[in-house]
Structures are given as structure tokens and as C-alpha cells.
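Side chains are part of it too, since the values below use all heavy atoms of this structure and drop only hydrogens, waters and symmetry mates. When a ligand or atom number is given, it counts from 1 through the structure's own listing order.
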Amino acid sequence: MRLTDQPRSKRRLVVAAAAATLALTVVAVPPTVGAAESSLPSGNTEYRTLADYEADMAELATEHPDLVKPITLPYATTSGRTVHGIEISRDVDVDNGKPVFVNVGMHHGNEFPSGELTMEFAIDLVESAAAGDPYVTRLLDEARVVVVPVVNVDGFVRGRRQTDTNTDMNRNYGLGWLPISTGGAAAWSEPETRNIEWLLSTRQATVFNTQHTCIQVVLYPPLQLEAGPAQDVDRLHALASQVAAAYGPNYKALPSAEDYETTGEAIDWAYFATRGLSITTETCPDAGVARTYQTQVLDVYDEHRQAAFTMLETAADPAEHAVIAGQAPKDAVLRITKSFDMYTSPYLQADGSTRPSSFTTTLTDDLDIASRNGKFEWSVNPSYRPIPAYQASGVEGNQTGFYTEPWILTCERPDGTVLQTVPVNVDLGERVTVDLKECRREFHRDRS
Ligand SMILES: [Zn+2]
């Protein structure tokens, strides 16, 4: 690990103009403003409000348009609030097929440090890259980072765990879902949950982290003992162990089911749908230590930084995903899609029978071919999808296999006309070259 030798940007986000205004208006304050700044990338000394999060994200995008692009998640919350995020990469506007690290906070609206740590790392990445830090620059050349610091905005505003339908977002994801009291009216009933479904279904999230408090643990699928170990248990455990080690010797890495059993959590659907390495990171001060901003944000940020860099390095590592390569016509759009049914746990249905419900997951992502020669390298999750325990027939634990369904790759005109369709099977760590001659020929034919 090279993490500890890296210089760390601590530039305060507040712009000079704001500081000047402050200096003009608060004349009675002695000149100790600098001392009030913390060692965090933002310099903050207290928890953000929702407006603070939104201002910080907007400011990063405005000040660093080459590195930061705003994202608006598609579904407004139950109470009509919009969920915002940012994408961070070098040349962030160029669609270049980089693997993606999706990092989210605040599934639970009262776990304030989870949003803070997520946001601070985003600022750190951007400020470090803007300052020319070679390590961060390399990682942002190789990968894209998507940050949504507050996914449960309604819960955050009210300072409570659940959404405004009194649903625990992290019990509402469809895979293995059960109608427990906080599970929501149905699998995927919550717009906040569907936002994350959208986020992970429309990009190649090779690593997905959801940040929580307050345990000292890094969790990976499955959620229930009956499901048995995930197919990628070794890879999941390796990542979770590295992340846990970054936080300190008390932190443990283990399957979520061994912590306590739940259903309908983000990481289970995320891993079994996309095969991206999906973890839940819970931070908490040592037993007996008061839970304050100081102990839960300031005191843990350096460790969190190292943990998040571990996740980002793993997301960027070609051994941890797959690559589709080839040559397409300049200005063409490539699209990969797959669509499949997944299942909840069996539960008592309205018709009196006990059986699972099914839902369809559709993964789709596109790549704009902008380079003159049309050559592309597209980092994707493997086409081989782990068979989950949750089946139409009920819970069938200890699955070891993978579905061999391919990515369906289409080569299209910008107007959506499909010129060629190629099924692509590509495994973990593999690089497959697709032949798009037909698309190249057709693309230019009607143009002349
Ligand atoms: Zn939580």
C-alpha cells in the first residue's frame, strides 16, 4: 500500500469571496479563524445540514468541471426531495469506459458520520487531484467514482433511521425481501431504494460501498445463513478484510449473516445482480468512547481515507472486473444490456399462498465512441452472474454456480438505430475483443 506516503490536501472548500464577506461582517471576532478549521479536507468542525451537502457538491462541480459532474437521481423521495450526487474522474465528461466505484452514505438517516465520511473523501479526491497528487491522479485516470453522501434524504432531514413511509431503506431491496415491519409495502416500494437500483443498473460498479454506523465491522453478502457463502466469498472477504484493517485492529470483516441476519439489504441485490464487490462499512468509536463529531468523523477520517482508497484501487483493478475491447465507428453508441428475473424470500401472499414474488432487474450501460479511430476498452462487470439462493421455488442455499447469460452488446447510431448485435461472454479478469466490422460498414453506408 502506498496510501500513507500520500500528501493530503486540506484546503478548505469555502472560497475566498465568502471568507472576505465573513471578515467584513464579523468585525468583533479576533483573527483566529484559521484555528477553527479542522484537519478534514473540508476544514469542517461540525455536521453538515442537507443544504451544506448540496452546496459542497455544487461547489466542487463548479470549481472543478474537468473532475466533477453533478448527478440527479431519478426518483424524488416520498416527501418530494431530490437526491443529489457527484461523479468524479479525470475528464469526467468523457465517456471512456472506466470501471466505477459507487460510494454512498446515509441509508439510515440518523447515521450522520456515514454521510460526512463519504463527502469528505469526495472533497479529498477532488482537491488532491486538482493539486496534482500523482497517486490520486492515477486512480482518477483509471476509474470513476460516484458519490451520493445522503441517499435517505427525508430520514436525514428528520434525523431518523427510516424513510418518510417509515421504511428501513436497507430492508427494501428486492432480493430475498421479506415483509417485515420496516421492509416497506413491497420489494422496491421506496423511491430511495429504486434510486440505488438505477445507480447500479446503469453503470459498471465494480465496487459498491454503503457506509453506516455504529459497529466496527465490514460486511459482505449474504444476509442470511441459509443462503450459504457467496460465489465470490474469497474476493469479498479479501476486500472487506483490507477495509477493516484500514480502520484498525478491532474491526472485523465477515458475511452480513454472521453479524445478524436481515433481508432486503443493498449489498445482497447489488452483488447478485451485478457481481460488483458490494460491502457495508460500519464505523464506530471503541466501546466506552462518547459518540461525537470528534470521535466519529475527525478521529476516523484518516483511517476512512485509507479504507476508501483500498476500495477505489480494487474498483480500478482489471483483475477484479472484465474488459470488452474492439473498434467501433467514431460517433457510434455501444450499449450492453441484460435482463433477468430475481426473487424475494417466500412470504404469505394476498391469495393465501406462501411463495416468493419475482421482479425484473435490467442492467444497461452505454459507451459513446468519441475517439477518431473508434478503438475502445470498456471495463465491465463479468457477464457470468452468481446464482442467488432466492429462487422461484424458495430459498435454495449454498449455490456455487453462475448463470452464463451474455451481455447483449449493440452497436448503434446516435439516433438509436441498431446496426449490429453481439452476445458477449466475458469472465472475471478476462478481456474479450468483439468484431464490429458489420457495424462499421453499415454506419458509414447510409452516411454517404
Ligand atoms: Zn445503518
> In terms of side-chain heavy atoms, does T165 have a donor or acceptor partner in E190 at a distance below 3.5 Å?
Replying inline: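 Judged by distance alone, the side chains do pair up.
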> Just one of W188, F359, F208, W177 clears the ring pair (Phe, Tyr, Trp, His ring centres under 6.0 Å) bar with W269, so which one?
Replying inline: W188
> Could K252 and E258 be called an ion pair, given the rule that one side-chain N must be under 4.0 Å from one carboxylate O?
Replying inline: no
>> In terms of relative ring orientation, are H212 and H108 parallel, tilted or perpendicular, with 30° and 60° separating the classes?
In response: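 Answer is perpendicular, since the angle exceeds 60°.
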> Taking H107 as the fixed residue, which of T163, T280, N172, T210 is the one that meets the side-chain hydrogen bond (donor to acceptor under 3.5 Å, both in side chains) rule?
Replying inline: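 Filter result, single survivor: T210.
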> For the residue pair F272 and P221, what are the closest heavy atoms and their distance?
Replying inline: CE1-CB, 4.2 Å
>> Keeping to distances under 2.8 Å, can you name the protein N/O/S atoms close to the Zn ion (ligand 1)?
In response: H108 ND1, E111 OE1, E111 OE2, H212 ND1
